[in-house]
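In each ligand, atom 1 is the first atom listed, and ligand 1 is the first ligand listed. Quantities reported herein were computed from a predicted structural model and do not represent experimental measurements.
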Amino acid sequence: MNPIEISFEFFPPKTPDGVEKLRATRAQLALLKPKFVSVTFGAGGSTQQGTLDTVLDMAKDGIEAAPHLSCIGSSKESLRAILERYRSNGIRHIVALRGDLPSGMGEVGELRYASELVAFIRAEYGDWFHIEVAAYPEYHPQARSPKHDLENFARKVKAGANAAITQYFYNADAYFRFVDDARKLGVDVPIVPGIMPITNYSQLMRFSEMCGAEVPRWVAKRLESFGDDREAIRAFGLDVVTQLCERLVKEGAPGLHFYTLNAATATKAICERLA
Ligand code: FAD
């Protein structure tokens, strides 16, 4: 049994092989007794059915699974239809996001920000859903300023969110500072760090560039120096991320949410070291 509250994020598989791989992954990770798992959603609804199918597949096995839902590019009517399906399937936990418009899709939709989606869900469904929102300790890449981003974060919590999950980061100070600043704005919900295990240098740099997460120079340099030596990358990544998690938990993080990328090995190794 893991003493730290953990949760896992998956994405909806697109192929039958992917479905099987995810079943195997989640069977391994279920042994770590996660509090819940979450399943991502493609903005614009590209994975709508996949998200629902994946969540229902997990619920069958008794795993509490929270679908992500993004509002960008959507009408209230289409969001209501999705929320209705979740409710009628007994799903009570959701991750509410703005999302990003896929390139080529121009329409913003009826709800422009996650705070509006949270307010919409609360207005339409009362307390049926436990709502998580996203937080950015290193700030959202489109934010006008850190202060503005923090205020926007506080706004979406005040709209009715129960908890937050952060974008991944490798700088614990950024997280603790963010939590302190959010508390000063009256945010009193748990802010759970999002953890990205390190297994692949080029993929990590690409993701981080896209989402505005900083890979510290010393970590990037060491990873780069390993070249194609995947074992060395994994071993170093395991050390770095485990130490990050240890510090986060020791200094008060309320739990850890792992971005698994539908693979069990790296997440499992970190959790086992933490246990
Ligand atoms: P918001 O909270 O709406 O913020 C977006 C930007 O708008 C920020 O810069 C904010 O400062 C600004 N802003 C907010 N309110 C206002 C306002 N009133 N006026 C002016 N500016 C404002 N993406 C997906 O497509 N699918 C997923 O499943 C998914 N899951 C995620 C899970 C987590 C835990 C995280 C951290 C991110 C996830 N994302 C996902 C990515 C997310 O959709 C993007 O980061 C997106 O750009 C922002 O979404 P948000 O909900 O944080 O937006």
S.K.: Do His68 and Ser38 have a side chain donor and acceptor closer than 3.5 Å?
M.R.: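 Side chains of His68 and Ser38: pair found under 3.5 Å.
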S.K.: With respect to Asp149, determine whether any N or O atom, backbone or side chain, lies less than 3.5 Å from an N or O atom of ligand 1.
M.R.: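 Yes; the residue has a nitrogen or oxygen that sits under 3.5 Å from a nitrogen or oxygen of the ligand.
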S.K.: Suppose I only count heavy atoms of Ile165 and a 4.0 Å limit; which atoms of ligand 1 are within that range?
M.R.: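 Heavy-atom distances to Ile165 below 4.0 Å select 34 (C).
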S.K.: Relative to atom 47 (O) of ligand 1, which among Val39, Leu97, Leu111, Asp100 owns the nearest non-hydrogen atom?
M.R.: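 Going through Val39, Leu97, Leu111, Asp100 one by one, Asp100 has the nearest heavy atom to atom 47 (O) of ligand 1.
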S.K.: Would you say Asp228 has more than 12 foreign heavy atoms packed within less than 6.0 Å of its CG?
M.R.: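 Counting neighbours around CG of Asp228, 12 or fewer heavy atoms of other residues, nucleotides or ligands fall under 6.0 Å, so no.
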S.K.: Can you check whether His68 has an N/O within less than 3.5 Å of an N/O in ligand 1?
M.R.: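 Yes, at least one N or O pair falls under 3.5 Å.
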S.K.: Could you tell me if the ring centre of Phe153 sits under 6.0 Å from that of Phe178?
M.R.: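 Aromatic pair counts; centres sit under 6.0 Å.
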S.K.: Taking atom types as modelled and ignoring hydrogens, do the side chains of Ser7 and His257 form a donor-acceptor contact shorter than 3.5 angstrom?
M.R.: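 His257 and Ser7 do have a side-chain donor-acceptor pair below 3.5 Å.
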S.K.: Sequence neighbours left out, what passes ring pair (Phe, Tyr, Trp, His ring centres under 6.0 Å) with His130? Give chain and number order.
M.R.: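 His93.
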S.K.: Under a 4.0 angstrom heavy-atom cut-off, which atoms of ligand 1 come close to His148?
M.R.: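 Answer, ordered by atom number: 20 (C), 21 (N).
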S.K.: Checking Asp149 side chain against Ser145 main chain: does a donor-acceptor pair fall under 3.5 Å?
M.R.: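 No: the side chain of Asp149 does not pair with the backbone of Ser145.
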S.K.: Report yes or no: do Val192 and Ile6 belong to one cluster of Ile/Leu/Val/Met/Phe/Trp/Tyr joined by side chain heavy-atom distances under 4.5 Å?
M.R.: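 Different hydrophobic clusters.
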S.K.: Mark up the atoms of ligand 1 that fall under 4.0 Å of a heavy atom belonging to Thr40, in ascending order.
M.R.: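 Those of ligand 1 that fall under 4.0 Å from Thr40 are 28 (O).
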S.K.: Which ligand 1 atoms, with their elements, are less than 4.0 angstrom from a heavy-atom of Tyr259?
M.R.: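 Numbered from 1, ligand 1 contributes 33 (C), 34 (C), 36 (C).
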S.K.: At less than 4.0 angstrom from any non-hydrogen atom of Lys156, what atoms of ligand 1 do you find?
M.R.: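 Atoms satisfying the 4.0 Å criterion: 1 (P), 2 (O), 50 (P), 51 (O), 52 (O).
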S.K.: Heavy-atom distance to atom 7 (O) of ligand 1: which of Tyr113, Phe153, Tyr168, Tyr139 wins?
M.R.: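 Result: the heavy atom closest to atom 7 (O) of ligand 1 is in Tyr113.
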S.K.: For ligand 1, which atoms, with element, lie under 4.0 Å from some heavy atom of Ala143?
M.R.: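 Per the distance check, 9 (O).
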S.K.: Between Glu132 and ligand 1, which part of the residue brings a heavy atom under 4.0 Å of the ligand: side chain, backbone, both or neither?
M.R.: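 Answer for Glu132: neither.
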S.K.: Looking only at side chains, do Arg85 and Gln49 share a donor and an acceptor under 3.5 Å apart?
M.R.: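 A donor-acceptor contact under 3.5 Å links the two side chains.
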S.K.: Do Gln167 and ligand 1 have an N or O pair less than 3.5 Å apart?
M.R.: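 For ligand 1, there is no N or O atom that lies under 3.5 Å from one belonging to Gln167.
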S.K.: Enumerate the atoms of ligand 1 whose separation from the nearest heavy atom of Ala134 is less than 4.0 angstrom.
M.R.: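 Reading through ligand 1 atom by atom, the close ones are 35 (C), 36 (C), 52 (O).
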S.K.: Could you check whether any heavy atom of Tyr136 sits closer than 4.0 Å to an atom of ligand 1, since that is the contact criterion I want to use?
M.R.: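 It does; at least one heavy atom falls under 4.0 Å.
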S.K.: Under 4.0 Å, counting heavy atoms only: does His257 come that close to any atom of ligand 1?
M.R.: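 In this structure, His257 fails to qualify as a contact of ligand 1 - no heavy atom is under 4.0 Å.
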S.K.: Run the numbers on Tyr259 and Phe207 for side chain to side chain contact (heavy atoms under 4.5 Å, CB included), then give the verdict.
M.R.: CA-CA 12 Å; Tyr259 295 105; Phe207 282 179; over 6 Å; no
S.K.: Has ligand 1 got any nitrogen or oxygen that is less than 3.5 angstrom from a nitrogen or oxygen of Arg98?
M.R.: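 Such a contact does occur with ligand 1.
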S.K.: Name all pairs fulfilling the side chain to side chain donor-acceptor pair (under 3.5 Å) condition that reach into residues 201-219, sequence neighbours left out, sorted by first residue then second.
M.R.: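 Sorted result for residues 201-219: Tyr168-Ser208, Asn200-Ser202.
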S.K.: Among Ser70, Gly99, Ser145, Pro67, whose heavy atom sits nearest atom 49 (O) of ligand 1?
M.R.: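 Of the listed residues, Gly99 has the closest heavy atom.
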S.K.: Name the option, out of Ala114, Gly212, Cys71, Pro137, that contains the heavy atom nearest to atom 3 (O) of ligand 1.
M.R.: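 Nearest option to atom 3 (O) of ligand 1, by heavy atoms: Ala114.
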S.K.: Are side-chain heavy atoms of Lys156 and Leu117 found at a separation under 4.5 Å?
M.R.: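 No; the side chains remain at least 4.5 Å from each other.
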S.K.: Any nitrogen or oxygen of Asn152 lying under 3.5 Å from a nitrogen or oxygen in ligand 1? Just yes or no.
M.R.: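 Between Asn152 and ligand 1 (N or O atoms, distance only) the closest approach is under 3.5 Å.
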S.K.: Using a plain distance cutoff, I'd like to know if Phe41 has any nitrogen or oxygen under 3.5 Å from a nitrogen or oxygen of ligand 1.
M.R.: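 Yes, since at least one N or O of Phe41 sits under 3.5 Å from an N or O of ligand 1.
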S.K.: Report the relative orientation of the aromatic rings in His140 and Tyr136; use parallel for angles under 30°, tilted for 30 to 60°, perpendicular for over 60°.
M.R.: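 Taking Tyr136 first and then His140, their aromatic rings stand perpendicular (interplane angle over 60°).
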